[in-house]
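Structure first, commentary second.
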2 protein chains.
Amino acid sequence: MTGLTAKGAATRERIVRAATELILERGVAGMTLDEIRDGTKTSKSQLFHYFPGGKSELVAAIAGYQNSQVMAAQEPWIDRLDSWRAWQGWRDAVITHYTGLTHKYCSVSALVNEVAPTEPELSTQIAAYADRWLAQLAAGLHLMRDTKLLRSDADPDRLALAVFASLQGGLLVMQSKNNIEPLAAALDGSLAMLRSYAT
Amino acid sequence: MTGLTAKGAATRERIVRAATELILERGVAGMTLDEIRDGTKTSKSQLFHYFPGGKSELVAAIAGYQNSQVMAAQEPWIDRLDSWRAWQGWRDAVITHYTGLTHKYCSVSALVNEVAPTEPELSTQIAAYADRWLAQLAAGLHLMRDTKLLRSDADPDRLALAVFASLQGGLLVMQSKNNIEPLAAALDGSLAMLRSYAT
DNA sequence: CAAAGTATGGACCAGGCGGTCCGATCGGGG
DNA sequence: CCCCGATCGGACCGCCTGGTCCATACTTTG
């Protein structure tokens with residue numbers, strides 16, 4: 001996988017882009033290798049040339065890329081969720097990122113569950129993305145408790161779990177209703193919940 | 001479908017039970033008709049005899065049944081979410097119902113999204129279950145605003161949407177972690193959020 | 001220019017899936 | 001007892017899908 005001419009890199013890129021589009025549109029199960037071929041002026045041999053592991057490897061690559069995109073979109077807030085202002089900024093950043101993706105499969109947790117039955121190791125890999133995300137939320141809340149912005153009897157880990165679940169659910173309902181509002185309501189609700197634990 | 005011997009009804013019952021088990025275990029896509037056959041001492045012809053519409057009809061039947069189960073488990077709270085006590089009772093009932101189902105595909109919204117690409121009409125039918133559920137939550141909150149338990153500037157519909165999203169997300173994360181805690185955290189968080197809108 | 005490595009096309013394959021069909025069997029009412 | 005519909009078994013079909021293979025063309029480099 002090291003020898004990569006410019007042409008080859010471009011082809012690989014096209015494959016990834018098309019596959020991403022398909023997964024976001026119809027889910028992993030709804031994406032077929034033949035559709036990728038049709039939509040990219042490539043052939044099966046190329047797909048397996050660039051992704052010897054087949055569909056699993058392709059999905060893994062896309063999941064990794066999408067994850068980095070989502071995390072980047074939450075910058076700089078996600079790294080410093082240590083104030084109410086930061087949480088509000090984070091909320092806005094998340095909404096902005098998902099606006100226009102309302103009808104797409106975007107929930108990592110949903111992806112974990114979808115892949116789990118057939119590809120356990122891939123599933124655990126993706127679950128790691130979710131866990132890192134959750135951990136970032138928790139880290140911010142720990143800071144806030146330490147700096148007395150949160151009551152000392154608040155449980156940062158449990159609150160982070162609630163926020164994370166709410167976020168994933170917001171994405172899920174957003175998709176089924178093709179409307180950003182559920183996500184917005186979920187996030188606003190989460191912030192209200194957090195504030196109820198303020199000092 | 002009217003002439004149904006006792007024997008026939010029993011067979012139909014066995015099919016539904018096995019299919020339900022498989023769907024809860026591995027999702028709709030992960031369930032095959034052959035597996036149902038293997039696990040029920042039946043044959044393909046019987047499956048199509050009792051469910052002429054094939055897999056779609058079978059899934060529809062199961063979704064309807066499971067939905068009724070979930071809604072029944074929330075009785076009597078779900079019909080009268082007009083007090084803080086009722087909401088707490090509801091929370092407990094939901095947790096109780098899903099305990100032991102932590103590794104199952106239980107989220108209606110997730111089901112809607114899973115089925116959507118291949119079976120649009122089935123998807124909208126299942127979406128109706130979700131909407132009814134959501135509407136019940138909203139109805140309770142409307143009552144609470146009317147009786148001044150909620151501030152007059154609270155938006156019952158939007159709060160209900162947040163609670164619903166949180167619930168579905170809790171189920172999703174519950175499944176991926178095979179642990180009831182995410183659901184519990186999500187529901188407790190939702191209640192805290194609601195209480196922050198109390199008068 | 002020539003060789004070695006990379007990129008590409010597309011025919012082909014095996015397996016799994018939902019779904020069909022038909023003949024055999026059962027079982028209850030006239 | 002006999003008949004007709006309900007019940008049953010399982011072979012079969014067509015299609016789609018992920019994946020393999022090999023011959024051909026293109027690129028780079030010495």
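Letters A, B, ... mirror the listed sequences (proteins, then strands); counts begin at 1.
For C:dT8, the OP1/OP2 oxygens have a side-chain nitrogen or oxygen of A:Thr11 closer than 4.0 Å. For D:dT7, neither phosphate oxygen OP1 nor OP2 lies less than 4.0 angstrom from any side-chain nitrogen or oxygen of B:Gln46. Within the 4.0 Å cut-off from OP1 or OP2 of C:dA7, not a single side-chain nitrogen or oxygen of A:Lys7 is found. Between B:Tyr50 and D:dA6 there is no side-chain polar atom (N or O) within less than 4.0 angstrom of OP1 or OP2.
Side-chain atoms of A:Glu121 and A:Thr124 include no donor-acceptor pair closer than 3.5 Å.
Two residues, A:Gly54 and B:Thr42, neighbour DNA chain D, and the one matched to the more 5' nucleotide by heavy-atom proximity is B:Thr42.
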Audit row: A:His103, A:Glu25, side-chain contact (heavy atoms from CB on, under 4.5 Å) steps and yes/no | CA-CA 7 Å; A:His103 211 355; A:Glu25 204 72 51; 5.5 Å; no
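Listed nucleotides C:dT20, C:dC17, D:dT7 differ in distance to B:Thr5; the shortest reach to its side chain belongs to D:dT7. Side-chain atoms of B:Lys55 lie closest to C:dG19 of the nucleotides C:dG19, D:dT7, C:dT6.
Note on A:Ser43: a base of the nucleic acid sits closer than 4.0 angstrom, heavy atoms only. If you check every strand for non-hydrogen atoms under 4.0 Å, B:Ser45 touches a base.
Taking a cutoff of 4.0 Å between a charged side-chain nitrogen and a carboxylate oxygen, B:Glu181 and A:Arg158 qualify as a salt bridge. A salt bridge between A:Arg145 and A:Asp155 is absent, with no side-chain N of the basic residue lying under 4.0 Å from a carboxylate O of the acidic one. At a threshold of 4.0 Å, the pair B:Glu21-B:Arg26 does not count as salt-bridged, since none of the basic side-chain nitrogens sits closer than that to a carboxylate oxygen.
Note: CG (B:Leu22) to P (C:dG18) measures 11 Å, nearest angstrom. B:Leu47 has its CG atom 14 Å from the P atom of D:dT7, to the nearest Å. If you take CD of A:Glu57 and P of D:dG18, they are 15 Å apart, rounded to a whole angstrom. For the pair B:Arg14 CZ and D:dT7 C1', the computed distance is 11 Å after rounding to whole Å. Distance CZ (B:Phe48) to C1' (D:dA11): 15 Å, rounded to an integer number of Å. The distance between atom CG of A:Leu33 and atom P of D:dT20, rounded to the nearest whole Å, is 11 Å. Protein atom CG of A:Asp34 is 16 Å distant from nucleotide atom P of C:dC13, rounded to whole Å. A:Arg37 places its CZ atom 11 Å from the C1' atom of C:dA11, with the value rounded to the nearest Å.
On a pure distance criterion of 3.5 Å, no polar donor-acceptor pair joins the side chain of A:Lys44 and the base of C:dG10.
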